[in-house]
Amino acid sequence: MQSLGLGHFTFLDQSPVDLVRLARRVGFAFVGLRFHPVARGQLNWLPDAAGLRELQQVMQGEGVTLYDIETVVIDAALDPRDLLGALEAAATLGARRLNTCADLFDGLPDTFARICALAESFDMGVDLECMAWRGLNTPAACLDLIDRAGAPNAAYLVDALHHFRCGGTVQMLRDLPATRIASAQLCDAPLTPPQGTDGLLAEARGGRLLPDAGGLALRDLVDALPADTVISVELPNATDLRPPLERARAIHAATFPFLNKAAPCP
């Protein structure tokens, strides 16, 4: 039976320690953690040395692992060396992937290649996702950047919402070499996208739905993924005001049976 992870963006107000404990109580096998801000000055949970030791102890005690860290927006102002602290902490905790998205600028392929090389030095891979409001706003653009950078540890991150909102299809996933996909993030949404950038931002950051509560072709998407794809839930929802434990149980209850019914076990 395939295991399932819990992305930090689903409960971004929870500290890493609290998220790990929440994941364990509900039945998630691993977590993703926000160790890098999406913009300067915004929230991130990168721990100091004492916090890292505590988090490592809690993860070991709860039996929950760290799969990936988020979220690096690759733009012209980013110096890959700024990621060292996050990558060092992530590697200490056994993380396997770094999540990224990107804007367009001169030198993007070189910057992306440098990030991939830096991640590789920590035995980590890099996942790249499209977002409708970013420069890399289609799956094809992400795949092209991966090819141009020539980084063997890079892959396309299949975030269900972003994939479909950016024009991606299920057939596109079926046609990709298995090495191009390492990770996927599940949520649902209405079939018809919201209007304008503000609407798309609001949906992505606080309007995602439980699997089968919307109109996205999630079952077909999961069926199209390589069998060894690591799958987590990324489901921020600003209108679901239930306590975190109650909401996490609802997310797991909706997603875990759906996942294992829809997808082959790796």
Side-chain angles (χ1 to χ4, degrees), residues 5 7-9 16 30-40 42 44-49 52 55-56 65-131 134-159 162-163 166 176-185 225-226 228-232 234:
H8 207 162
F9 197 23
F30 57 91
V31 297
L33 293 175
R34 177 67 63 91
F35 275 8
H36 191 271
V38 296
R40 190 175 299 276
Q42 293 197 14
N44 77 94
W45 288 100
L46 180 62
D48 58 17
L52 185 63
L55 179 55
Q56 190 171 33
T65 60
L66 174 61
Y67 177 67
D68 55 11
I69 61 168
E70 59 179 49
T71 302
V72 175
V73 178
I74 306 172
D75 58 20
L78 178 70
D79 184 338
R81 292 172 295 184
D82 293 341
L83 306 178
L84 274 171
L87 288 170
E88 288 171 353
T92 298
L93 298 172
R96 294 164 54 188
R97 310 293 296 183
L98 170 69
N99 290 354
T100 66
C101 59
D103 288 327
L104 296 177
F105 60 93
D106 290 340
L108 173 58
D110 178 66
T111 298
F112 184 67
R114 289 171 60 200
I115 291 171
C116 292
L118 189 61
E120 178 64 26
S121 72
F122 291 97
D123 294 322
M124 292 173 61
V126 177
D127 286 328
L128 179 66
E129 64 182 322
C130 54
M131 297 181 184
R134 295 283 176 198
L136 258 63
N137 58 5
T138 66
C142 291
L143 293 164
D144 178 66
L145 178 58
I146 291 169
D147 287 340
R148 292 171 67 191
N153 63 330
Y156 172 57
L157 174 56
V158 184
D159 178 292
H162 291 313
H163 182 74
C166 292
L176 285 177
T179 55
R180 278 291 180 256
I181 297 173
S183 317
Q185 297 173 334
L225 297 173
D228 60 352
T229 303
V230 177
I231 298 178
S232 61
E234 185 170 89

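Note that these values count all heavy atoms, side chains included, but never hydrogens, waters or copies made by symmetry.
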Do any side-chain atoms of residues 79-91 form donor-acceptor pairs under 3.5 angstrom with protein atoms, and if so which ones, sequence neighbours left out?
residue, atom, partner, partner atom, Å
D79, OD1, R81, N, 3.0
D79, OD1, R81, NE, 3.2
D79, OD2, R81, NE, 3.2
D79, OD2, R81, NH2, 2.8

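- Partners of T92 by side-chain contact (heavy atoms from CB on, under 4.5 Å), not counting sequence neighbours, listed by chain and number: L52, Q56.
- Counting only residues at least two apart or in different chains, salt bridge (Lys or Arg N to Asp or Glu O under 4.0 Å) contacts with residues 89-104 comprise R97-D127, D103-R134.
- Summarising the geometry of L128 relative to C101, their closest heavy-atom pair is CD1-CA, 3.9 Å, with the distance given to 0.1 Å.
- Residues L93 and I69 are not in side-chain contact: their nearest non-hydrogen atoms beyond the backbone lie 4.5 Å or more apart.
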Cut-off 3.5 Å, no hydrogens considered: what does the side-chain donor-acceptor table look like for residues 70-77, sequence neighbours left out?
residue, atom, partner, partner atom, Å
E70, OE2, R34, NE, 2.8
E70, OE2, R34, NH2, 3.0
D75, OD1, A77, N, 3.1
D75, OD1, L78, N, 3.1

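- Atoms CG and CZ, on L98 and F122 in that order, are 11.0 Å from each other to the nearest 0.5 Å.
- Within the 4.5 Å cutoff, the side chain of R114 has no heavy atoms near those of the L118 side chain.
- F35 approaches L55 most closely through the heavy-atom pair CZ-CD2, 4.1 Å.
- Residues A149 and P109 share a closest heavy-atom pair of CB-O, 3.9 Å.
- With rounding to the nearest 0.5 angstrom, the CG atom of D159 is 11.0 Å from the OG atom of S183.
- The shortest heavy-atom contact between Y67 and A182 is OH-O, 3.6 Å.
- By the side-chain hydrogen bond (donor to acceptor under 3.5 Å, both in side chains) test, H8 is found to be paired with no residue, residues two or more places apart in sequence or in another chain being considered.
- In this structure, L225 and A184 approach most closely via the heavy-atom pair CD1-CB, 3.7 Å.
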Name the atoms and distances for all side-chain donor-acceptor pairs under 3.5 Å in residues 136-148, with sequence neighbours left out.
residue, atom, partner, partner atom, Å
T138, OG1, A141, N, 3.0
D147, OD1, R180, NH2, 2.4

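- Shown here for D68 and L66, the closest heavy-atom pair between the two residues is O-CD1, 3.2 Å.
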